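Just below is one structure, and these are the notes that go with it.
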There are 2 protein chains.
Amino acid sequence: MSSEFIATVRRFNRTVTQRVGALDDQYMSRDRPLAQARLLWEIGPGGTEVASLRARLGLDSGYLSRLLRTLESDGLVTVGPAGQAGGDGRVRVAALTEAGRAEWAELDERSDELARSILEPLSGQRRERLVAAMAEVERLLVSSMVVIEPCSPGDPRARAAVRAYAREIAQRFDDGFDPALSRPVRDEDLVPPAGLFLLATLNGEPVGCGAIKLHAGAPAEIKRVWVSDGVRGLGIGRRLLDQLEGHAAEGGWTAVRLDTNRNLTEAIAMYRAAGYREIEPYNTERYAHHWFEKRLR
Amino acid sequence: MSSEFIATVRRFNRTVTQRVGALDDQYMSRDRPLAQARLLWEIGPGGTEVASLRARLGLDSGYLSRLLRTLESDGLVTVGPAGQAGGDGRVRVAALTEAGRAEWAELDERSDELARSILEPLSGQRRERLVAAMAEVERLLVSSMVVIEPCSPGDPRARAAVRAYAREIAQRFDDGFDPALSRPVRDEDLVPPAGLFLLATLNGEPVGCGAIKLHAGAPAEIKRVWVSDGVRGLGIGRRLLDQLEGHAAEGGWTAVRLDTNRNLTEAIAMYRAAGYREIEPYNTERYAHHWFEKRLR
DNA sequence: GTATAAGCCTGACTAAAGTCAGGTATATGA
DNA sequence: TCATATACCTGACTTTAGTCAGGCTTATAC
């Protein structure tokens, strides 16, 4: 990687942590410890499950409990059982009280202030350029924060991703989607050595997936490629494809193929851009209109 | 200011502090407390005055002393009197030992690593876009960190700025610059109500200046507009001009003028862009080739 | 039903970060 | 020369952040 690039990123890191990072802490913690302020902020007006707070802030379970007790005794927060009847009885939800919402609004206001203090000194034109560049950096940073890892298809996060995938195609296919009418995919076919399931996560939340079946004596088959709405257009789909193809190539396969629906236009565009060529149908998938193949070097 | 802009800046702040800020801390403090690592880093291979460290890191004097003692007893740093003979005998300089330099290099390497970890997951094209956007953000953030304030012309930082100004024009004028041959500017003419001296600083370091003399019964006169090399092109000159003009306008002046040398082409371009029109010479300044005037609203 | 795991909690602890009140030596202005 | 300020230091202290072991309750797999 070019040292020019590295140098630019380092300069960026330094300037930004100085200007934004340090000030953010300052703004946040004007009258209570930083950890408490952050927690209060993260709970938000809508309330949040304790487990989710732990994950997002990366805190020790005991430490978080103690922080919650402090906020509770300050009358800012109530921690109670999860609202949903029939839900997991172990899960607890932190919610803001009236006073807590007021303090949250104060933090929100400070966050606005910080943003204003950054834009204020700039002339109109420069201001627009800064905002545009920030939007670009933000988007690309998010994309670089997405982690793609092999995952058991039985993992709850994998299940959630596949459910989201099914929900989406049900919405987009002309005639909905009934799994019973589609060619089934069994979990065990997506576990090495038979295949592989990849999960893409952003801060632990599933935002994409993709799987490959390594058919004996036939091209490998790519299935269930899905990228969540919020992170589309960031190249996640392409990264999933690349890794799946890499896995097949490592196993000695020389071609991969897949079928897809005519309504999934971005996906089709992506397959073409990634080097897939349209081929004759190789199966009788009820919902497929296009079949693609890519030869691996 | 548009709430759209604010929202973008806030999203940026959040993503970046998460991705860069948090990781930066982690990378930095892998085997010693964050404060120590930061300090070691800030001292750098060249050594740094203790006062400057205090300012840059914003630390309590006692706390900093203690941190330095720790690094000293770990054999990483030596703190001694400032090198320069005849200098201020109270000032002390922290310098890295051999071991300190090694550890500094390690931190430097980690900083590279962090940068790489950000770029790594991106495809070539996205990588380029990210780096370009980061460079833009960095530049504009720096410009928004520059603080412009009235300052006594006798202030050491003001003196330093004026010295830098003189050094630069001496270099750029065809026949050098001898203050004795130029029309003199007395400090007291740049102090309210006779005039005003503005100092532009970045993290406390002077990076620009500008002054105005409010002549009784004549247009106000702008003098000593200088912007340091490193922050040129960020609109600092324009901000200095705006504030000086504003000061004159508040005092009831309806026009400002200035003289300049033909070699200062960017300055001349800036004056024109800011609404200055070239006029006949209004003085006999030895080094001037152009005279400009701007009418205030 | 039983074993095991997950989610949250408390108690006991440590390390890091930061504050404050002086103290010493050097510099500076009258 | 003397009063005052500055740069750095030490000692004594508090707060914040974080860790770890274990406990209780609810869920899940067999």
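Only a predicted model underlies this, so the values are computations on that prediction, with no experimental measurement involved. Naming: A, B, ... by sequence-line order, numbering from 1 per chain.
Look at A/Arg90 and you won't find any side-chain N or O under 4.0 angstrom from OP1 or OP2 of D/dC24. When the side-chain nitrogen and oxygen atoms of B/Arg54 are compared with OP1 and OP2 of D/dC8, one or more of them lie within a distance under 4.0 Å.
Paired with A/Phe197 under the rule side chain to side chain contact (heavy atoms under 4.5 Å, CB included), one option of A/Val162, A/Asp155, A/Val191 passes, and it is A/Val162.
At whole-Å resolution of the value, CE in A/Met28 and P in D/dA17 are 12 Å apart. Taking atom CG on A/Leu64 and atom C1' on C/dG7, their separation rounds to 11 Å, with Å as the unit. Taking atom CZ of B/Arg92 as the reference point, atom C1' of D/dT10 lies 13 Å away to the nearest angstrom. Taking atom CG of B/Leu53 as the reference point, atom C1' of D/dC9 lies 15 Å away to the nearest angstrom. A/Leu59 has its CG atom 14 Å from the P atom of D/dC20, to the nearest Å. Here D/dT16 presents its P atom at 15 Å from CG of A/Asp25, a figure rounded to the nearest Å. Here D/dA17 presents its P atom at 6 Å from CG of A/Leu34, a figure rounded to the nearest Å. In this entry the distance linking CG of B/Asp74 with P of C/dA16 reads 11 Å, nearest Å.
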#### Entry: Per-nucleotide protein contact string for nucleotides 10-15 of chain C (B base, S sugar-phosphate only, - none; heavy atom under 4.0 Å)
BBB---
### Query
Could you go step by step and tell me if A/Thr201 and A/Val146 meet the side-chain contact (heavy atoms from CB on, under 4.5 Å) rule?
CA-CA 6 Å; A/Thr201 54; A/Val146 170; over 6 Å; no
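Nearest-nucleotide positions on DNA chain D place A/Leu67 closer to the 5' end than the other of A/Gly89 and A/Leu67.
Between A/Phe12 and B/Phe12, the two ring planes are perpendicular [angle over 60°; tilted spans 30° to 60°].
For the pair B/Val227 and B/Val207, the minimum side-chain heavy-atom distance is 4.5 Å or more.
Judged by distance alone, the side chains of A/Ser117 and A/Arg19 do bring a donor and an acceptor atom under 3.5 Å apart.
The pair A/Arg116-A/Glu109 meets the salt-bridge criterion, since a charged nitrogen lies less than 4.0 angstrom from a carboxylate oxygen.
Summarising the geometry, atom CE belonging to B/Met145 is positioned 4.5 Å from atom CD belonging to A/Gln18; distances are rounded to the nearest 0.5 Å.
Among D/dA27, D/dA17, C/dG7, the nucleotide with an atom closest to any side-chain atom of A/Asp88 is D/dA27.
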